[in-house]
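First up is the structure itself, then whatever we jot down about it.
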Amino acid sequence: MGVSVSPEQVEALAQDGVVCVRGAFDRDWLDCVARGIEAELRAPGIGFVEQAAGLPGRFVTDYCAAQQIAEFQDFVLHSPAAELAGRLMGAASARFLMDVLWIKEPGTSKPTAWHQDQPYFCVDGHEMCSIWLPVDPVPASVALRFIRGSHRWGKWYRPQLTSGKELYAFSDPDSKWETIPDFDAELDKHEILSWDLAPGDCLVFHALTVHGAPGNPQAANRRRVLTTVWFGDDATFGVRPSPPRPLFEGHGLRAGERMESPYFPRIWPAPDTASRRFARDSALRISI
């Protein structure tokens, strides 16, 4: 049986920029992701970053761990994620861009700063979303927060590194890129969306929706999350002011070309069995 989404859920993603999907993933998939997370923590890959060095708790991120972790590859290829993303976007297909781990251990003080996702990535187009899937119960007080409707502002905010430095070197002062406001200082001007999440629930959000998260001050509960990033039919290869993060190389795509490459595989609808595999190999270089 395929994934079922309601018209109300599709409308929520389109209008609010985020939708909470209850019970989207069963225990088998949560266990699969949890095993992958622990495997990555035991043997971190090239994208692994300790985000809270010198601060209380532990906050780590990891980019593109599915390059090495079999459990994440299984999730990308066979879980309901691709179909869920495609149907909610209203797209005829869903291709996989990347995965990101967000792990905040108990007592972590460092927040995740307000940001948009798409400015970091090499993808242009409207049909692009992320699935934020926790494997632990997550109260709204430590979950991802969203500024409702911010994906419809027509804004592209300059992406920043966790150090506070800007990711790109901008040469055109009149470009479309804007410095992101201090949203913490103006939250009363916006409607903030967040949810209590049980295992199996997920958040699906548009790549231009402004979002962020507090730390994890809980005394005992971990906050382990796998994010997978998906795009649809109108996606083209986007060039940024300087190299994005992560930097995908070796795919052969040029600016403005459709993102049709085995390095960004179409997962839904499923291709024929012979080509249904994790199509990235050593020819794809990823710089973090």
Side-chain angles (χ1 to χ4, degrees), residues 16-18 47-53 55 59-64 97-102 104 110-130 132 144-194 203 205-215 225 227-231 234-249 253-256 259 264 286-288:
D16 298 343
V18 58
F48 191 88
V49 178
E50 293 276 359
Q51 298 283 4
L55 298 174
F59 174 19
V60 299
T61 59
D62 196 14
Y63 291 85
C64 302
L97 180 68
M98 61 182 290
D99 56 288
V100 191
L101 288 179
W102 303 89
K104 292 186 178 180
K110 185 176 177 64
T112 304
W114 294 102
H115 66 285
Q116 300 166 307
D117 283 354
Q118 196 161 5
Y120 289 84
F121 301 150
C122 59
V123 183
D124 289 338
H126 178 73
E127 293 177 352
M128 188 175 187
C129 71
S130 294
W132 197 83
L144 210 56
R145 302 176 295 169
F146 302 85
I147 299 182
R148 185 178 186 182
S150 52
H151 66 305
R152 295 187 285 111
W153 292 349
K155 305 284 190 180
W156 280 64
Y157 293 120
R158 297 185 177 200
Q160 294 183 335
L161 303 174
T162 54
S163 65
K165 296 181 179 179
E166 290 189 348
L167 174 60
Y168 300 140
F170 292 93
S171 58
D172 180 4
D174 297 320
S175 72
K176 68 179 180 181
W177 301 87
E178 300 182 28
T179 300
I180 193 164
D182 180 2
F183 284 115
D184 284 324
E186 56 177 62
L187 289 184
D188 59 336
K189 299 179 181 179
H190 307 285
E191 184 174 355
I192 307 302
L193 300 177
S194 64
L203 303 174
F205 59 96
H206 191 278
L208 287 177
T209 304
V210 177
H211 59 285
V225 176
T227 295
T228 49
V229 185
W230 307 88
F231 59 86
D234 69 345
T236 58
F237 186 70
V239 175
R240 301 297 179 245
S242 55
R245 178 173 292 192
L247 173 62
F248 295 96
E249 302 176 286
L253 294 173
R254 294 177 293 183
M259 294 280 291
F264 307 112
I286 298 177
S287 301
I288 305 298

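Count residues from 1 along the sequence.
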> Between Thr228 and Trp230, is a side-chain hydrogen bond (donor to acceptor under 3.5 Å, both in side chains) present by the stated rule, with each step listed?
Replying inline: CA-CA 7 Å; Thr228 49; Trp230 307 88; 2.9 Å; yes
>> Within the structure provided, determine whether Trp177 and Phe170 are in side-chain contact (heavy-atom separation under 4.5 Å).
In response: yes
>> To the nearest 0.5 Å, what is the distance between NE2 on His115 and CD1 on Ile180?
In response: 8.5 Å
>> Whether Lys104 engages the ring of Phe59 as a cation-pi pair (distance to the six-membered ring centre under 6.0 angstrom, angle to the ring normal within 45°) should be assessed.
In response: yes
> What pair of heavy atoms forms the shortest contact from Phe248 to Leu97, and how long is it?
Replying inline: CZ-O, 3.8 Å
> In chain order, what residues pass the side chain to side chain contact (heavy atoms under 4.5 Å, CB included) check against Leu167, with sequence neighbours excluded?
Replying inline: Tyr120, Pro159, Leu161, Arg245
> By salt bridge (Lys or Arg N to Asp or Glu O under 4.0 Å), which residues pair with Arg158, not counting sequence neighbours?
Replying inline: Glu166
> Is Phe205 close to His211 at the side-chain level, that is, under 4.5 Å between some pair of heavy atoms?
Replying inline: yes
> Judged by atom type as modelled, is there a donor-acceptor pair below 3.5 Å linking the side chain of Tyr168 to the main-chain atoms of Pro119?
Replying inline: yes
>> If you compare all heavy atoms of Tyr63 against all heavy atoms of Pro246, which two are closest, and at what distance to 0.1 Å?
In response: CD2-CD, 4.1 Å
> Looking only at heavy atoms, which two atoms of Val60 and Glu50 are closest? And how far apart?
Replying inline: CG1-OE1, 3.1 Å
>> A side-chain contact here means heavy atoms from C-beta on lying under 4.5 Å apart; do Glu191 and Leu193 qualify?
In response: yes
> Got a donor-acceptor contact below 3.5 angstrom from the Gln160 side chain to the Thr179 backbone?
Replying inline: no
> Does Phe183 reach the side chain of His190, with side-chain heavy atoms less than 4.5 Å apart?
Replying inline: yes
>> If we ignore hydrogens and angles and just use 3.5 Å, is the side chain of Gln118 paired with the main-chain N or O of Gly125 as donor and acceptor?
In response: yes
> Looking only at heavy atoms, which two atoms of Ala213 and Leu144 are closest? And how far apart?
Replying inline: CB-CD1, 3.8 Å
>> Treating Asp117 as the side-chain partner and Ala207 as the backbone partner, does any N or O pair qualify as donor plus acceptor under 3.5 Å?
In response: no
> Would you say the side-chain atoms of His206 pair up with the backbone N or O of Leu208, donor to acceptor, closer than 3.5 Å?
Replying inline: yes
> Do Asp234 side-chain atoms and His126 backbone N/O form a donor-acceptor pair below 3.5 Å?
Replying inline: yes
> How far apart are the closest heavy atoms of Ile147 and Thr209, and which atoms are they?
Replying inline: O-CG2, 4.0 Å
> Is any side-chain heavy atom of Trp102 less than 4.5 Å from a side-chain heavy atom of Thr112?
Replying inline: yes
> Where is the tightest heavy-atom contact between His151 and Asp16, given as atom of each residue plus distance?
Replying inline: CE1-C, 3.5 Å
>> Taking the side chain as everything from C-beta on, heavy atoms only, tell me whether Pro244 gets closer than 4.5 Å to Phe121.
In response: no
>> Could you walk me through whether Asp124 and Arg240 satisfy the salt bridge (Lys or Arg N to Asp or Glu O under 4.0 Å) test, starting with their C-alpha distance in whole Å, then the side-chain angles of each, then the deciding distance to 0.1 Å, before giving a yes or no?
In response: CA-CA 10 Å; Asp124 289 338; Arg240 301 297 179 245; 2.9 Å; yes
> Who passes side chain to side chain contact (heavy atoms under 4.5 Å, CB included) against Asp184, sequence neighbours left out?
Replying inline: Trp114, Arg145, Asp182, Leu187
